[in-house]
Amino acid sequence: MTFVPDPLDPDDDRPPYEQVASSLGAAIRTRKFAPGEKLPSHKELTDGYGFARATIQRALRELEDEGLVVSRKGSGVFVRNRTERPAGLRPYVEQAFSSQEVTIDFAGFSSETLHGALQEPLDKIRVGRLTPSRIAVRILVPDMSVPQAAPVRREDGADDERLRQRMHDIMLGYTRSIRDSVAELGHLGLVPDTGVDVRVHSGTQFFKLYVINGVDAFFGYYPIKPNRVVAQGESVEIYDLVGRDTVLFHHSVNDGDSSGGDQQVQQARMWFDSVWETIARDFDLDSH
């Protein structure tokens with residue numbers, strides 16, 4: 001059967017290999033190609049997209065680097081079972097915004113990674129390339145006004161209000177930026193229904209969790225490592241929760257019964273809702 005890809009956006013100014021990689025990546029994430037399935041041949045992809053073979057090869061390398069496919073010499077390129085490997089968050093967030101209703105629940109330390117993942121889809125909404133009708137984001141972060149298990153001073157493991165204030169300021173910066181960017185889309189009439197809600201809880205957040213559109217969940221642990229930071233003008237050696245070293249694992253309701261992906265997503269949703277609706281407290285970003 002001849003491979004017929006979804007039409008590419010004629011206004012997309014990215015290099016052709018990135019457009020092809022994005023198109024194939026979206027097809028994999030939406031299960032048009034199932035885990036373990038062989039992708040169309042290089043010739044079929046070349047004919048289908050109308051680009052040179054070198055462009056197709058580079059696009060496939062991008063997907064392999066992303067962990068979505070694996071190349072088997074002499075056999076072809078196959079979709080990888082992603083639940084067995086770390087996953088990149090950004091492509092799934094971007095794909096979520098192709099839906100009419102976008103919901104993102106985040107539990108973590110500062111929302112820095114979420115802030116980065118949202119930039120491209122929000123830019124595409126501003127230029128009219130994505131047109132969701134609703135965006136709802138819930139952000140659950142620790143209350144840094146009370147002592148935490150980390151960050152703490154390295155020399156004695158003691159709480160230090162300066163460290164908590166530093167993390168509080170970082171969290172405020174990213175959450176306010178997310179709120180303002182999403183709200184702007186509503187004010188401009190680009191998205192009719194928008195909302196970003198932030199709540200805090202008293203426990204230390206040792207892991208990060210994302211639930212995207214209720215069907216994809218990403219989970220990873222924050223490792224605690226020695227670090228040196230500047231807090232209120234002074235260099236301090238600390239034990240820190242290091243978000244950049246967090247490996248995220250992906251589970252989806254579309255993974256199939258044998259993978260347990262549906263149960264993982266349902267449990268993630270249950271946990272988030274239970275904390276959000278009980279011990280979490282509303283947090284006013286403008287009063288801090």
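Taking 4.5 Å as the limit, some side-chain heavy atom of Arg166 sits within range of a side-chain heavy atom of Val229.
Annotation for Leu122 and Ser181: closest pair CD1-CB, 3.8 Å, computed over non-hydrogen atoms. Between Ala149 and Thr204, the shortest heavy-atom contact is N-OG1, 2.9 Å. Leu89 and Thr113 get closest at one heavy-atom pair: CD2-CG2, 4.1 Å. Taking every heavy atom of both residues into account, Ser98 and Leu130 meet most closely at CA-CD2, 4.1 Å. A pairwise comparison of heavy atoms in Ala158 and Val152 identifies O-CB, 3.4 Å as the closest pair. Here the shortest heavy-atom pairing between Pro132 and Phe97 reads CD-O, 4.0 Å.
Remark: side-chain polar atoms of Asp160 are paired, donor with acceptor, to backbone N or O of Arg162 under 3.5 angstrom. In this structure a side-chain-to-backbone donor-acceptor pair under 3.5 Å is missing from Asn213 to Val215. With Gln148 contributing its side chain and Asp143 its backbone, the two residues share a donor-acceptor pair below 3.5 Å. A donor-acceptor pair under 3.5 Å is absent between the side-chain atoms of Tyr174 and the main chain of Gly116, judged by distance alone. With hydrogens and angles disregarded, no donor-acceptor distance shorter than 3.5 Å links the side chain of Thr194 to the backbone of Ala183. Listed for the Arg53 side chain is no donor-acceptor partner under 3.5 Å among the backbone atoms of Thr46. Although no hydrogens or angles enter the test, the distance criterion places a donor-acceptor pair under 3.5 Å between the side chain of Glu44 and the main chain of Ser41. Formation of a donor-acceptor pair under 3.5 Å by the Gln100 side chain with backbone atoms of Thr131 is found in this model. Checked by atom type and distance alone, the side chain of Arg164 pairs as donor or acceptor with a backbone atom of Ser145 at under 3.5 Å. Panel note: side chain Ser23, backbone Gln19; no donor-acceptor pair is recorded below 3.5 Å.
Here the straight-line distance linking atom OG of Ser177 with atom CG of Leu285 works out to 11.0 Å at 0.5 Å rounding. From Thr175, atom OG1 reaches atom CD1 of Ile170 across 11.5 Å, with rounding to the nearest 0.5 Å. Considering CG of Leu248 and CZ of Phe219, their distance stands at 10.0 Å, rounded to 0.5 Å. Here the straight-line distance linking atom CG of Asp13 with atom CD of Glu18 works out to 9.5 Å at 0.5 Å rounding. Note: Lys43 NZ to Ile56 CD1 = 12.0 Å, rounded to the nearest 0.5 Å. Rounded to the nearest 0.5 Å, atoms CD1 (Ile212) and CG (Leu114) are 7.5 Å apart.
Annotation: Arg228, atom CZ; neighbour count of heavy atoms from other residues, nucleotides and ligands within 6.0 Å does not exceed 12. Atom CD of Glu161 is surrounded by 12 or fewer heavy atoms from other residues, nucleotides or ligands within 6.0 Å.
With respect to the salt-bridge test (charged N to carboxylate O, under 4.0 angstrom), the residues Arg179 and Asp197 do not qualify. Note on Asp240 versus Lys225: no salt bridge recorded, every NZ/NE/NH1/NH2 to OD/OE distance being 4.0 Å or above. Ion pairing between Glu184 and Arg126 holds under the 4.0 Å rule for side-chain N and carboxylate O. Ion pairing between Asp6 and Lys32 holds under the 4.0 Å rule for side-chain N and carboxylate O. Asp180 and Arg176 are not joined by a salt bridge, as no carboxylate oxygen comes within less than 4.0 angstrom of a charged side-chain nitrogen. Taking a cutoff of 4.0 Å between a charged side-chain nitrogen and a carboxylate oxygen, Asp156 and Arg153 qualify as a salt bridge.
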| CA sep, side-chain torsions, deciding dist, call: Lys124, Asp11, salt bridge (Lys or Arg N to Asp or Glu O under 4.0 Å) | CA-CA 11 Å; Lys124 288 182 178 179; Asp11 296 324; over 6 Å; no
| said: Show, in sequence, the C-alpha distance, side-chain angles and deciding distance for Leu39 and Phe78, and conclude whether the side chain to side chain contact (heavy atoms under 4.5 Å, CB included) test is met. | reply: CA-CA 6 Å; Leu39 293 185; Phe78 294 81; over 6 Å; no
| What do the steps show when you test Thr103 against Val211 for side chain to side chain contact (heavy atoms under 4.5 Å, CB included), and what is the final call? | CA-CA 8 Å; Thr103 62; Val211 181; over 6 Å; no
| message | One pair to check against side chain to side chain contact (heavy atoms under 4.5 Å, CB included): Leu140 and Asp105. What are the steps and the verdict? | response | CA-CA 8 Å; Leu140 185 64; Asp105 291 338; over 6 Å; no
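A parallel orientation is assigned to the rings of Trp276 and Phe272, their planes being inclined by less than 30° (bins at 30° and 60°).
Aromatic rings from Phe218 and Phe249 are positioned such that their centres are separated by 6.0 Å or more. Here Trp271 and Phe207 bring their ring centres to under 6.0 angstrom of each other. Taking the six-membered ring for Trp, Tyr92 and His250 have ring centres closer than 6.0 Å.
Annotation: cation-pi geometry not satisfied between Arg199 and Phe283 (NZ/CZ under 6.0 angstrom from ring centroid, within 45° of ring axis).
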